[in-house]
Chemist: 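Structure incoming, see below.
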Amino acid sequence: MTETKRNANPRIVTLTAPSGSGKTTIARRVLAAFPQMRFSVSATTRPPRPYEQDGVHYHFLSPETFRQRIEEGALLEYEEVYPGRFYGTLVEEVERATTDAPVLLDIEVNGARNVKRLFGDEAVVIFIQPPSLEVLRERLEGRATEDADTLRTRLERAAYELSFADQFDTVVVNDDLETAVEETLHYIADFLSSRSSVTP
Ligand code: 5GP
């Protein structure tokens, strides 16, 4: 965990949720609704899925390079989300967040807690909650990007992550996607406008 150099008035919007909660879909809708917002591309040691592009979805790093980046202090936070699979937010991605160009993070719960600890009121953390673990299982099975072992690991992890829901600024239940998107957009708009009077 590294303390980052900070802009005077950073604006950090964080979506957090168990894998399969619809967080990535909601993140895409947020970026479409707030064109001035940039997506923070995380570093990871997991292999790319077939459609994923290096530098767009993630910076795909070898475990050695990831470790080196930690030692250099290049990561704001990082987690071993699944055994042997590291994910982390790059300092340089968040450093560029300004009043005019907020940054959007799509990260798991421990990373989100660290962001909140580092940035306090300058960051907002929105927890996207699936209606139930059963629905989550169906969604992950339907996505079919995971084998049986990975699916089980992801469901175990989801149960753990759900226990942290009440630590965040707001919880959006993703039962109906359109309703969840609308609630998320409202919350972010409020956060951004509540801080617009603050000058750097
Ligand atoms: P996936 O493998 O499905 O892309 O991501 C697995 C989990 O890791 C998701 O919950 C995702 O939000 C989270 N994640 C992605 N990037 C980061 C990061 O930089 N830091 C942390 N703590 N979690 C991340």
Side-chain angles (χ1 to χ4, degrees), residues 1-2 4 12-31 38-61 63 65-67 69-70 72-97 103-119 123-130 133 136-137 139-147 149-165 167-168 171-172 174 180 184:
M1 176 56 72
T2 329
T4 180
I12 299 159
V13 177
T14 305
L15 296 183
T16 192
S19 181
S21 304
K23 176 176 44 138
T24 304
T25 307
I26 295 176
R28 271 200 295 270
R29 297 283 295 273
V30 169
L31 291 169
R38 272 190 325 99
F39 182 66
S40 162
V41 181
S42 293
T44 185
T45 64
R46 85 147 161 73
R49 294 175 183 143
Y51 59 88
E52 287 179 330
Q53 286 172 267
D54 190 31
V56 176
H57 297 91
Y58 282 105
H59 298 284
F60 293 100
L61 306 182
T65 310
F66 195 96
R67 209 168 306 123
R69 303 296 329 249
I70 295 171
E72 291 163 2
L75 293 169
L76 176 69
E77 61 78 32
Y78 65 91
E79 280 288 312
E80 185 176 9
V81 180
Y82 307 110
R85 300 288 194 239
F86 289 84
Y87 296 76
T89 305
L90 291 157
V91 172
E92 66 193 30
E93 293 279 333
V94 172
E95 253 180 17
R96 288 191 281 144
V103 73
L104 180 69
L105 271 55
D106 168 350
I107 63 179
E108 56 67 65
V109 292
N110 287 321
R113 290 160 82 203
N114 282 327
V115 165
K116 197 67 193 164
R117 185 178 66 72
L118 285 171
F119 292 97
V124 74
V125 180
I126 302 170
F127 187 91
I128 312 289
Q129 185 172 307
L133 280 173
L136 196 63
R137 173 197 300 280
R139 286 185 189 165
L140 285 173
E141 283 172 355
R143 190 160 89 181
T145 52
E146 265 68 53
D147 60 27
D149 264 4
T150 314
L151 182 73
R152 194 175 41 251
T153 316
R154 283 187 179 247
L155 283 169
E156 281 166 11
R157 175 80 192 185
Y160 163 78
E161 295 199 5
L162 283 171
S163 68
F164 292 101
Q167 296 187 11
F168 299 115
V171 175
V172 170
N174 185 9
T184 305

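Heads up: numbering here begins at 1 and tracks the sequence. Just so you know, ligand 1 is whichever comes first in the structure, and atom 1 is the first atom listed for that ligand.
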Chemist: Looking only at protein heavy atoms, which one is nearest to atom 20 (N) of ligand 1, and how far off is it?
Modeler: E77 OE2, 2.7 Å
Chemist: To the closest 0.5 Å, what do you measure between CZ (F119) and CD1 (I12)?
Modeler: 4.0 Å
Chemist: Can you tell which of R46, E108, H59, R154 gets a heavy atom nearest to atom 13 (C) of ligand 1?
Modeler: E108
Chemist: Please identify which atoms of ligand 1 are closer than 4.0 Å to at least one heavy atom of A17.
Modeler: 10 (O)
Chemist: With atoms numbered from 1 as shown, which atoms in ligand 1 lie under 4.0 angstrom from a non-hydrogen atom of K23?
Modeler: 9 (C), 10 (O), 11 (C), 12 (O)
Chemist: Identify the two heavy atoms, one from K23 and one from D106, that lie closest to each other, and give their separation to 0.1 Å.
Modeler: NZ-OD1, 2.9 Å
Chemist: Which ligand 1 atoms, with their elements, are less than 4.0 angstrom from a heavy-atom of E79?
Modeler: 22 (N)
Chemist: What protein heavy atom is closest to atom 15 (C) of ligand 1, reported as residue, atom name and distance in Å?
Modeler: Y58 OH, 3.3 Å
Chemist: Look only at the side chain of N174 and the backbone of S21, and say whether a donor-acceptor pair between them is shorter than 3.5 Å.
Modeler: yes
Chemist: Would you give the length of the straight line joining atom CG of N114 to atom OH of Y78, rounded to the nearest 0.5 angstrom?
Modeler: 10.0 Å
Chemist: Within the structure, does G88 bring an N/O atom to less than 3.5 angstrom of an N/O atom in ligand 1?
Modeler: yes
Chemist: Which one holds for R85 and ligand 1: side chain close, backbone close, both close, or neither close, with close meaning a heavy atom under 4.0 Å?
Modeler: neither
Chemist: Taking E156 for its side chain and A159 for its backbone only, find out whether a donor-acceptor pair lies under 3.5 Å.
Modeler: no
Chemist: For atom 19 (O) of ligand 1, grab the closest protein heavy atom and report residue, atom and distance to one decimal in Å.
Modeler: S42 OG, 2.7 Å
Chemist: Closest approach of L105 and V94, non-hydrogen atoms and distance?
Modeler: CD1-CG2, 4.1 Å
Chemist: For ligand 1, which atoms, with element, lie under 4.0 Å from some heavy atom of G111?
Modeler: 22 (N)
Chemist: Any atom of ligand 1 sitting under 4.0 Å from a heavy atom of Y78?
Modeler: no
Chemist: Is it the case that the side chain of T44 and the backbone of F86 share a donor-acceptor pair, with hydrogens and angles ignored and the cut-off at 3.5 Å?
Modeler: yes
Chemist: Is there any N or O on E52 that sits under 3.5 Å from an N or O of ligand 1?
Modeler: no
Chemist: Which bit of R49 gets closer than 4.0 Å to ligand 1, counting heavy atoms only: side chain, backbone, both or neither?
Modeler: side chain
Chemist: With rounding to the nearest 0.5 angstrom, report the OG1 to CG distance, T89 to L118.
Modeler: 10.0 Å
Chemist: Report yes or no: does N110 have a heavy atom closer than 4.0 Å to ligand 1?
Modeler: no
Chemist: Is it true that E52 and R46 have a side-chain N and a carboxylate O under 4.0 angstrom from each other?
Modeler: yes
Chemist: Under 4.0 Å, counting heavy atoms only: does H57 come that close to any atom of ligand 1?
Modeler: no
Chemist: Identify the closest protein heavy atom to atom 7 (C) of ligand 1: which residue and atom is it, and at what distance?
Modeler: V81 CG1, 4.1 Å
Chemist: Kindly give the heavy-atom pair with the smallest separation between P18 and F127, and that separation in Å.
Modeler: CD-CZ, 3.9 Å
